[in-house]
Every structure is written in C-alpha cells, then in structure tokens.
There are 2 protein chains.
Amino acid sequence: MQLDRIDRKILQELQKDGSLSNLDLAERIGLSPSPCARRVKALKDAGVIGRTVTLLDPKALGLSLTALIHISMDRHTPDRFEHFEAEVANYPEVQECYLITGQAADFVLKVVVKDMDTYQQFLLGKLTRLEGVTGVQSSFVMRRYKDSTELPVPEEYPIA
Amino acid sequence: MQLDRIDRKILQELQKDGSLSNLDLAERIGLSPSPCARRVKALKDAGVIGRTVTLLDPKALGLSLTALIHISMDRHTPDRFEHFEAEVANYPEVQECYLITGQAADFVLKVVVKDMDTYQQFLLGKLTRLEGVTGVQSSFVMRRYKDSTELPVPEEYPIA
DNA sequence: GGTGAAAAAGCATTGCA
DNA sequence: TGCAATGCTTTTTCACC
C-alpha cells in the first residue's frame, strides 16, 4: 500500500484527534466526505489505522509517580522471557514492556503508580518475585516533556 | 472529585475503546444513557478524561526501529533543559521525553524511525548537535511485549 | 442520582453525475 | 472525485421515579 500526501494528512489528523467525524476530517484535509471515508476505510483495512483510545490524565487520577525500570534476567531462555512477559502483561501498573538490546538490562518497563509506597509494594510484592529476575534498577520521571502517541508519518512511500 | 465504581468502569472502557458511543458505553456499564453522559461530562470537566486519539501500527507504516536513548547533559541548568526540551518537542521521531532521576543519564527518549540509517541520521544530524548533550546511549527494542496507553484506575478515592 | 421517552441535530451511506 | 438525498444513530432534554 502506498500513501500519498492526503493519506498522510489523514493519519496526522486522526493521531491528534481520534474523535473527528468523517465530515470534519474531510474538511481539514480539503476533500469531500466520500473519498475521505473511502481512504480511511482503506487505511483501516490495511492495518495502518488501529484502535481509537481515550487518554486519561495521570495527575487527575492521583497517579503521580512514573518509573522506568531496567530489569536483568539470570538466563536468556525462551522460558524465562515468556513467563516474564505473561506476568507483566497482567499488571495494570505496567504501561510498556520492551525486550531491549545493549545496556546491562534485558527489559525496560514503564510503570505508573500513585506514590512511592505503592511503587515499593509493586517492586517487592510483584516484580522481584518473578522467576529469573536478578537485577532491578529504577529511574523516576521528574518531568514529562513529551508523552505522545503520535508516530511520524514517513514522507516517502511506505509499504503496509 | 471522587470516583465510584461506575466512574472507574467508564474510564476503563473508554481507555480500551475511545470510539464508543454514549449508548454503547451506557450499556456496557449497566446504566441508561443519560446518567452515563452526565458522568462522562463531569469526568471531562474534571480533567480526568483527556484527548481521544487514533493509534497507528508502526510496522504497517514501515517504522520498524524503536530506540530508547539515555542522554546526559554537561550542566544541569534551567537554560540547558529548556532548550533541549523545546528542540526535542519538535522532532516527530520522538514519542516520549522524560527528565529522570538516578542513573547516569538526565533524559530518556523513546524514538521511532524507519531503519538504522534513519536512526543514525537522527542521532548525528539532530540529537548530538543539541547544546549541552555530552553522552548518548542507545538501546533498541527487540520485542514489544506491552505497549499500552491505559492507566490503572485506582480502587480507592483519588482526588482530581 | 437514575430512568425512560421524545425531539432535534448530526452523521454515515448510497447512488449518480 | 464530488455532490445530494435518504435514513439512521446519536446526543440532548425533559418530566418522573
């Protein structure tokens, strides 16, 4: 699938505001509603456009502590990783979990909790109890300069 | 503002699917449409509910490389930080940028690009040219176990 | 604070130029 | 691709429980 300038504009607008009606979207990109709807449908069918979600304000919810956690495992076997993955996916405090290269760590987690007490409970009660976890290194977010869900939409022709 | 069980259910549903109509939402939480709409409005007014966005699939867009970058600065002055912040906010490749505690680094960035070539261009052409940047350490995401926008909605009474 | 119904507005969709 | 008309869904408001 090839994206032209209009497709990219559609993607940019929807990334900024997923509640746009097709009418409003069409107006913003300078197209009439029907071709606009057709393009959006094609982008959905191609899997480029995914879910629409509502973002909440962590502060308003009293979630004032965000931690980035680097985790090392004792052994790098598929077993270890799969088990870790499955457990971590169930923790609502964990927003992101990546297996990474480089560094000393194997995993990076982004965790959001109410306060340091809750964080300690999460760390001692859940994370460090997981099999194979040998090292845990916490960093805390002091300031959130940018926290976006927007992806850059490439200039050229990407292939879906 | 106090959240009861129904409010929390609303927030959970909307975090999963931001395109829900008030009708569908009301049905899911077991309430009739009008009080449901009232609650949603109140949550928006209180700032708990923020924007609604459409998520794209990085892979479908040909964005196959995600990097976590740790950055250290030469001096920890407000000037340095503000300048860095302002520049980084303009880079579309940067999804997240945090000022963090601990570690050797001062900032953590999450960057999404097409491939290693593009990453190198970003690093050399943009990031390392910023004033005050002394250390850059890259990790690459090998596997994305969890990548969510959902926040945990606390059990007790948070205050907005 | 919740329910149900009714009215009004806005929307997606379709067919055609 | 653009336009127009149809028919629907949705939001909103109201009186009542």
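Numbers restart at 1 for each chain; the letters A, B, ... are given by sequence-line order, proteins then strands. These numbers come from a predicted model, not from an experiment.
Nearest-nucleotide positions on DNA chain C for A:S21 and B:I6 put B:I6 closer to the 5' end. Nearest-nucleotide positions on DNA chain C for B:D4 and A:A37 put B:D4 closer to the 5' end.
Protein atom CG of B:L23 is 15 Å distant from nucleotide atom C1' of D:dT13, rounded to whole Å. The CZ-P distance, from B:R39 to C:dG1, rounds to 8 Å in whole Å. The separation between B:R5 atom CZ and C:dG2 atom P is 14 Å, rounded to whole Å. The separation between A:L20 atom CG and C:dC11 atom P is 11 Å, rounded to whole Å. B:L25 places its CG atom 18 Å from the P atom of D:dT9, with the value rounded to the nearest Å. The interatomic distance linking A:R38 (CZ) with C:dG15 (P) rounds to 13 Å, in whole Å. In this structure, A:K41 atom NZ and C:dT13 atom P are separated by 9 Å, rounded to whole Å.
The residue A:S32 sits close to a base: some heavy atom pair falls under 4.0 Å.
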- Item | salt bridge (charged side-chain N to carboxylate O under 4.0 Å, His left out) between B:D24 and B:R28, intermediate numbers included | CA-CA 6 Å; B:D24 287 340; B:R28 291 200 192 189; 5.9 Å; no
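Taking the six-membered ring where the residue is Trp, B:F107 and B:F81 present perpendicular rings, their angle passing 60° and hence far from 30°. In this pair, B:F140 and B:Y119 present their aromatic rings perpendicular. The plane angle is above 60°, beyond the 30 to 60° band.
The side chain of B:N22 sits closest to D:dT11 out of D:dT11, C:dA12, C:dG2.
Tested against B:Y98 for a side chain to side chain donor-acceptor pair (under 3.5 Å), the candidates A:R143, A:K146, A:K110 yield a single pass: A:K110.
In the interface, the side chain of B:S34 is paired with the base of C:dG4 through a donor and an acceptor atom under 3.5 Å apart.
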